[in-house]
Novice: 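Right, I'll just put the structure down here and ask away after.
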2 protein chains.
Amino acid sequence: MRLTKRKIATILRQHGYKLTPQRQVVIQAITSSQDHLTPAAIYEKVHQDHPNIGLVTIYRTLEILAELELICKLHAGGSCRSYTISTPQHHHHLICSNCGTVVDFTGHNLSDLEQRLSKESRFRIDGHLLEFIGLCQACQKAP
Amino acid sequence: MRLTKRKIATILRQHGYKLTPQRQVVIQAITSSQDHLTPAAIYEKVHQDHPNIGLVTIYRTLEILAELELICKLHAGGSCRSYTISTPQHHHHLICSNCGTVVDFTGHNLSDLEQRLSKESRFRIDGHLLEFIGLCQACQKAP
DNA sequence: TGCTAAATGAAAAATATTATCATTTACATG
DNA sequence: CATGTAAATGATAATATTTTTCATTTAGCA
């Protein structure tokens, strides 16, 4: 289950961040989209109804949301700085290279591999990045 | 086994690209490094001995090498546009977040997961991105 | 050796991101 | 509910990154 606007608002406040109208608008823009969005795309989306919200505010809001892990950064698609709304549990992403739709998936456990790698390489492993890229059902039909 | 300078040169030529001295220098810079390097870092490395090679040439060379899959782009580290030399077979990366050292690993097969995902999501899956991030042995001792 | 398409370098243009700072505002406190 | 204050905003400038343009040079084939 994805994070709701309300839930995000609560977490922001819990961490001492103010819930400004601008932030609410940015959060709304992200939660209401199936895609992953770049800062510029969010700015455009937001700018239509709220022409006085600046791009800088988008960047600052995204930085906070990412820090609190309320949004995730995606890489396998086009931009390396596009974001999608997060889910509370650990998950990975499946991204449509055509329309940008993101599907979350869970249930794949990398810890066996992580342990093997850690032993072989003597690294202390802190995290990982796993994304699949492909074409969603709709985009397969109409490319 | 990593690609050698000579091997890369051959592949370049096979694809109709000229083997210019500048390209040789860039390739040398990448193959001689354990790290992953940003365009700017490669430029600096190269610029010491070859002050007349421009940054634009670095960008252009990287683009070609990436297109031919002779180098790989890494994401989990700092920059999303840093490159490391590739290996002929399919592999993934383990990256030290401190010094940038990259360890290739193979042998983990994602095709089971890929098939499951494909069935569940009805995506046609074309590729994936898997990187682990952590601290190498040396950096664990002296952080 | 000469020809030609491809590559280079320099400079500028286009994009993307971050810093600065005066002004405004959310919200905790009384 | 009014108010003080730290935090947030917007405008602007600064910085960083990447791409274009174009005149000149050059790798490598004929």
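In what follows, chains carry the letters A, B, and so on, assigned in the order in which the sequence lines appear, proteins first and then strands, with residues in each chain numbered from 1. Below, each value reflects all heavy atoms present in this structure, side chains not excepted, and no hydrogens, waters or symmetry copies.
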Novice: For the residue pair A:K45 / A:S32, report whether a side-chain donor-acceptor contact shorter than 3.5 Å exists.
Specialist: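 Checked: A:S32/A:K45 side chains pair up, N/O donor to acceptor below 3.5 Å.
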Novice: Could you give the CG-to-C1' distance, from A:L19 to C:dA28, as a whole number of Å?
Specialist: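 Between C1' of C:dA28 and CG of A:L19: 15 Å.
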Novice: Nearest-nucleotide wise, let me know which of B:V56 and B:G16 is further upstream toward the 5' end of DNA chain C.
Specialist: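 Upstream on the strand: B:G16.
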Novice: Given D:dT18, D:dT26, C:dG9, identify the nucleotide with an atom nearest to the side chain of B:I53.
Specialist: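 Of the candidates, C:dG9 comes closest.
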Novice: Round to a whole Å and report the spacing from CD of B:E63 to P of D:dT18.
Specialist: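 It is 12 Å, rounded to the nearest whole Å.
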Novice: Taking atom C1' of D:dG28 as reference, at what distance in whole Å does atom CG of B:L12 sit?
Specialist: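 From B:L12 CG to D:dG28 C1': 14 Å.
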Novice: Please pick, from C:dC27, C:dG9, D:dG28, the nucleotide with the shortest atom-to-atom distance to any side-chain atom of B:T57.
Specialist: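 Per side-chain heavy atoms of B:T57, the pick is C:dG9.
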Novice: Atom CG of B:L55 and atom P of D:dT18: how far apart are they, to the nearest Å?
Specialist: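 From B:L55 CG to D:dT18 P: 9 Å.
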Novice: Roughly what angle, to 10°, lies between the helix axis at the start of the helix from C:dT1-D:dA30 to C:dG30-D:dC1 and the one at its end, five pairs per end?
Specialist: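 Comparing the first five pairs with the last five, the axes sit 40° apart.
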Novice: Report the residue (B:Y17 or B:S79) whose heavy-atom-nearest nucleotide on DNA chain D is the more 5′ of the two.
Specialist: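 The residue closer to the strand's 5' end, by nearest nucleotide, is B:S79.
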Novice: Could you list the donor-acceptor pairs under 3.5 angstrom formed between side-chain atoms of residues 34-44 of chain B and any protein atom two or more places apart in sequence or on another chain?
Specialist:
residue: B:H36; atom: ND1; partner: B:S82; partner atom: OG; Å: 3.0
residue: B:H36; atom: NE2; partner: B:G100; partner atom: O; Å: 3.3
residue: B:T38; atom: OG1; partner: B:A41; partner atom: N; Å: 3.1
residue: B:Y43; atom: OH; partner: B:H47; partner atom: NE2; Å: 3.4

Novice: For A:K5 and A:Q28, test the side chains for any donor-to-acceptor distance below 3.5 angstrom and give the result as yes or no.
Specialist: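 Yes - a donor-acceptor pair under 3.5 Å links their side chains.
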Novice: Can you tell me how far C1' of D:dT24 sits from CG of B:N52, to the nearest Å?
Specialist: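 Value for this atom pair: 14 Å.
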Novice: Residues in ring pair (Phe, Tyr, Trp, His ring centres under 6.0 Å) with A:F105, at least two apart?
Specialist: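 Here the qualifying residues are A:H92, A:F132.
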Novice: Could you check how far NE2 of A:H15 sits from P of C:dC27, rounded to whole Å?
Specialist: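 Spelled out: NE2 on A:H15 to P on C:dC27 is 16 Å.
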Novice: Rounding to an integer number of Å, can you tell me how far B:Y59 OH sits from D:dT18 C1'?
Specialist: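 Going from B:Y59 (OH) to D:dT18 (C1'), I get 5 Å.
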Novice: Taking only side-chain N and O atoms of A:T20, does any of them lie within less than 4.0 angstrom of OP1 or OP2 on D:dT9?
Specialist: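 Checking A:T20 against D:dT9: at least one side-chain N or O falls below 4.0 Å of OP1 or OP2.
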Novice: Roughly how far, to the nearest 0.5 Å, is the CG atom of A:D104 from the CD1 atom of A:I85?
Specialist: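 The distance works out to 10.0 Å.
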Novice: Have a look at B:R60 and say if it touches a base, only the backbone sugar-phosphate, or nothing, with a 4.0 Å heavy-atom cut-off.
Specialist: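 Answer is base: heavy atoms of B:R60 come under 4.0 Å of a base.
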Novice: If only side-chain N and O atoms of A:R81 are considered, is one of them under 4.0 Å from the OP1 or OP2 phosphate oxygen of C:dA16?
Specialist: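 A:R81 to C:dA16 OP1/OP2: no side-chain N or O under 4.0 Å.
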Novice: Roughly how many Å is it from CG in B:L62 to C1' in D:dT17, rounded to a whole number?
Specialist: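 Distance check: B:L62 CG to D:dT17 C1' gives 13 Å.
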Novice: Rounded at 0.5 Å granularity, tell me how far CD1 in A:I133 sits from CG in A:L74.
Specialist: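 Going from CD1 on A:I133 over to CG on A:L74, the span is 9.0 Å.
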Novice: Ignoring backbone atoms, test whether A:R13 places a side-chain nitrogen or oxygen under 4.0 Å from the OP1 or OP2 oxygen of C:dA26.
Specialist: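 Looking at the OP1 and OP2 atoms of C:dA26, neither is under 4.0 Å from any side-chain N or O of A:R13.
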Novice: Tell me whether the side-chain N/O atoms of A:Q22 come closer than 4.0 Å to OP1 or OP2 in C:dA26.
Specialist: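 Answer no for this pair, as no side-chain N or O of A:Q22 is under 4.0 Å from OP1 or OP2.
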Novice: Are B:H90 and B:H108 close enough that their ring centres sit under 6.0 Å apart?
Specialist: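 Centroid distance B:H90-B:H108: not below 6.0 Å, so no.
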